[in-house]
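These notes are about the structure you will find just below.
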Number of protein chains: 2
Amino acid sequence: MALSTAQRAATALRDRIQAGVLPPGSRLSEEALGRDLGVSRNTLREAFRLLAHESLVEHRLNRGVFVRVLDADDVRDVYRMRAVLEGAGVRAAAGAPPALRAAVGAAVDEAERAAAAGDWREVGSADLRFHRALAALAGSARVDAAMDRLLAELRLAFHTMPSPRRFHEPFVARNRTLAGLLDGGDAAAAEAELADYLRHALRLILDAMREADR
Amino acid sequence: MALSTAQRAATALRDRIQAGVLPPGSRLSEEALGRDLGVSRNTLREAFRLLAHESLVEHRLNRGVFVRVLDADDVRDVYRMRAVLEGAGVRAAAGAPPALRAAVGAAVDEAERAAAAGDWREVGSADLRFHRALAALAGSARVDAAMDRLLAELRLAFHTMPSPRRFHEPFVARNRTLAGLLDGGDAAAAEAELADYLRHALRLILDAMREADR
DNA sequence: GGCTAGGATATTGTTGAACAATCCTCAATG
DNA sequence: CATTGAGGATTGTTCAACAATATCCTAGCC
């Protein structure tokens with residue numbers, strides 16, 4: 001037992017949330033979930049704190065914990081922060097270790113392979129890996145951790161996307177373009193491409209959210 | 001009672017940590033602290049989770065929680081992340097709302113007043129406010145939150161600084177310089193000044209840490 | 001003397017039950 | 001229709017107990 005019971009309960013909940021079994025807005029009843037997962041209320045509460053730390057869940061005093069709901073403002077802010085972290089990575093690309101630079105290209109390769117196979121779910125996660133690799137170029141553990149939290153949050157919003165293909169397909173080519181600019185050492189162009197990419201992706205998500213609201 | 005018992009316990013512990021009553025490395029005994037604060041072990045554990053979220057405290061399975069100890073690598077990484085967040089703020093300064101830009105200047109004013117009065121502790125916290133205001137120029141709630149966590153972590157390292165004056169005095173003038181460059185709209189110069197400022201501050205802290213290790 | 005094994009001790013991890021405090025529902029009232 | 005209040009459900013907190021794990025000390029060995 002390398003992990004505590006609370007950590008295992010948190011993992012079980014995290015899986016259910018990201019699989020969509022517990023959709024955003026759901027209230028997580030301590031009694032029902034505790035019975036379901038076979039842990040006591042106190043332990044479940046510790047698990048809740050862990051998930052709250054990851055912003056997957058929101059704790060409201062005396063009202064319980066709820067699966068996080070991202071509104072349009074949240075999504076806009078997530079993209080602002082993405083621009084900060086990924087932008088830092090892109091600017092640091094020239095001086096970054098070869099291993100980190102290679103990870104960027106590898107993620108693009110995987111996305112292209114998955115796209116060719118029509119596996120859009122895998123395209124999505126390769127896309128996340130690509131952008132995580134961009135931020136990692138900054139060479140900071142804290143930037144990496146912040147990026148991970150950010151992407152976990154973003155995954156919540158992806159649940160409202162109707163067609164994974166329509167959302168991910170346009171970005172495979174853009175990722176390739178961006179990786180090419182980085183390899184070529186054209187930092188300014190890479191930064192501009194990244195900024196435009198993020199604007200584009202943000203617009204698609206916001207459109208989908210407006211759509212889903214009706 | 002707007003705050004939960006756990007939150008109040010966390011506040012009490014946070015105060016003791018930042019006041020140096022509980023120095024980095026201290027083990028926080030559940031029983032002793034629970035008796036001391038008048039809360040149960042379960043509630044204290046919830047408070048621990050909150051502080052762990054702020055990186056003030058570290059939870060090791062089956063060994064308890066300890067006041068966080070920053071080593072040299074941690075401090076270097078904190079400054080890498082500061083460069084990312086504050087750099088983003090500086091680059092966004094031109095387009096930032098007037099209220100946010102005014103906050104930058106106000107923090108410098110306060111630091112100068114405190115320096116004139118010889119209150120070096122207040123100079124230190126005005127300095128933190130200044131840099132928080134820089135990051136805030138990015139206009140992102142998530143950047144603000146990340147910056148707050150970062151500065152809370154950094155405060156832990158400040159405890160090893162022998163002379164607050166020697167550490168804070170040189171930076172009052174540099175902050176003024178930086179604010180001037182921002183007001184003048186010279187973004188590139190401001191960015192360069194920020195980078196050099198951070199290098200300078202990092203070096204002072206690392207020197208002090210090496211000193212303290214003997 | 002120094003090292004290892006093993007057990008006593010202390011601390012954390014987890015549980016279940018109990019009660020207090022708070023929120024939500026919904027019917028009765030004006 | 002808005003308000004109020006009782007009742008029920010859920011969270012907040014405590015307590016006591018036991019299990020699991022780490023730490024420390026001692027005895028025995030080389």
Side-chain angles (χ1 to χ4, degrees), chain A residues 1-17 21-71 153 156, chain B residues 1-17 21-71 153 156:
Chain A
M1 198 215 284
L3 264 51
S4 74
T5 306
Q7 286 170 317
R8 275 180 286 127
T11 299
L13 290 177
R14 196 183 298 112
D15 289 347
R16 296 190 192 188
I17 291 173
V21 180
L22 297 171
S26 309
R27 177 157 153 279
L28 303 183
S29 154
E30 295 186 353
E31 198 194 358
L33 270 181
R35 210 173 339 103
D36 202 5
L37 297 174
V39 302
S40 74
R41 276 182 64 208
N42 282 321
T43 300
L44 187 58
R45 282 172 141 263
E46 294 218 1
F48 284 161
R49 291 289 209 246
L50 295 177
L51 294 175
H53 178 23
E54 303 170 28
S55 303
L56 287 184
V57 120
E58 193 178 359
H59 196 146
R60 301 182 216 166
L61 188 60
N62 288 321
R63 315 237 348 257
V65 312
F66 299 76
V67 178
R68 185 76 188 290
V69 174
L70 291 192
D71 62 22
E153 245 183 301
L156 289 173
Chain B
M1 201 216 281
L3 264 49
S4 73
T5 307
Q7 286 170 317
R8 274 179 287 128
T11 298
L13 289 177
R14 196 183 300 111
D15 290 347
R16 296 190 192 189
I17 291 172
V21 180
L22 297 171
S26 310
R27 177 156 154 281
L28 304 182
S29 156
E30 295 186 352
E31 196 193 0
L33 271 181
R35 209 175 338 105
D36 202 5
L37 297 174
V39 302
S40 75
R41 277 182 62 209
N42 283 321
T43 299
L44 187 57
R45 283 171 141 263
E46 294 217 0
F48 284 161
R49 292 289 207 242
L50 295 176
L51 294 176
H53 179 23
E54 302 170 27
S55 302
L56 288 184
V57 119
E58 192 177 0
H59 196 145
R60 301 182 217 167
L61 187 60
N62 288 321
R63 313 226 0 248
V65 312
F66 299 76
V67 178
R68 185 76 188 291
V69 174
L70 290 192
D71 62 22
E153 246 183 297
L156 290 173

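Below, chains carry the letters A, B, ... as their sequence lines are ordered, and counting in each starts from 1. Remember, predicted model here, so these are calculated numbers, not experimental data.
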Looking at side-chain heavy atoms only, is the closest gap between A:Leu13 and A:Leu44 below 4.5 Å?
-> yes
Check every atom of C:dT11, D:dT10, D:dG12 against the side chain of B:Arg27 and return the nucleotide holding the closest atom.
-> C:dT11
Residue-level proximity of residues 30-42 of chain B to DNA chain C when a heavy atom falls under 4.0 Å = B:Glu30, B:Arg41, B:Asn42
Report yes if at least one side-chain N or O of A:Arg63 is closer than 4.0 Å to OP1 or OP2 of C:dC24; otherwise report no.
-> yes
Check A:Ala47 against A:Ala9 and note the closest heavy-atom contact, atom names and distance.
-> CB-CB, 3.9 Å
Hey, does A:Val65 have a side-chain heavy atom less than 4.5 Å from the side chain of A:His59?
-> yes
Ranking A:Thr43 and B:Val65 by the position along DNA chain C of their nearest nucleotide, the one closer to 5' is B:Val65
Do any of residues 44-56 of chain A sit with a heavy atom less than 4.0 Å from DNA chain D, and if so which?
-> A:Arg45
Under 4.0 Å between a side-chain N or O of A:Ser4 and OP1 or OP2 of C:dG13?
-> no
Validation row: B:Leu33, B:Arg16 side chains within 4.5 angstrom (heavy atoms) | yes
In whole angstroms, the gap separating C1' of C:dT15 from CZ of A:Arg8 amounts to 14 Å
Smallest heavy-atom separation, A:Leu61 atom then B:Ser4 atom, equals CD1-CB, 3.7 Å
Do B:Glu54 and B:Ile17 have side-chain heavy atoms sitting under 4.5 Å apart?
-> no
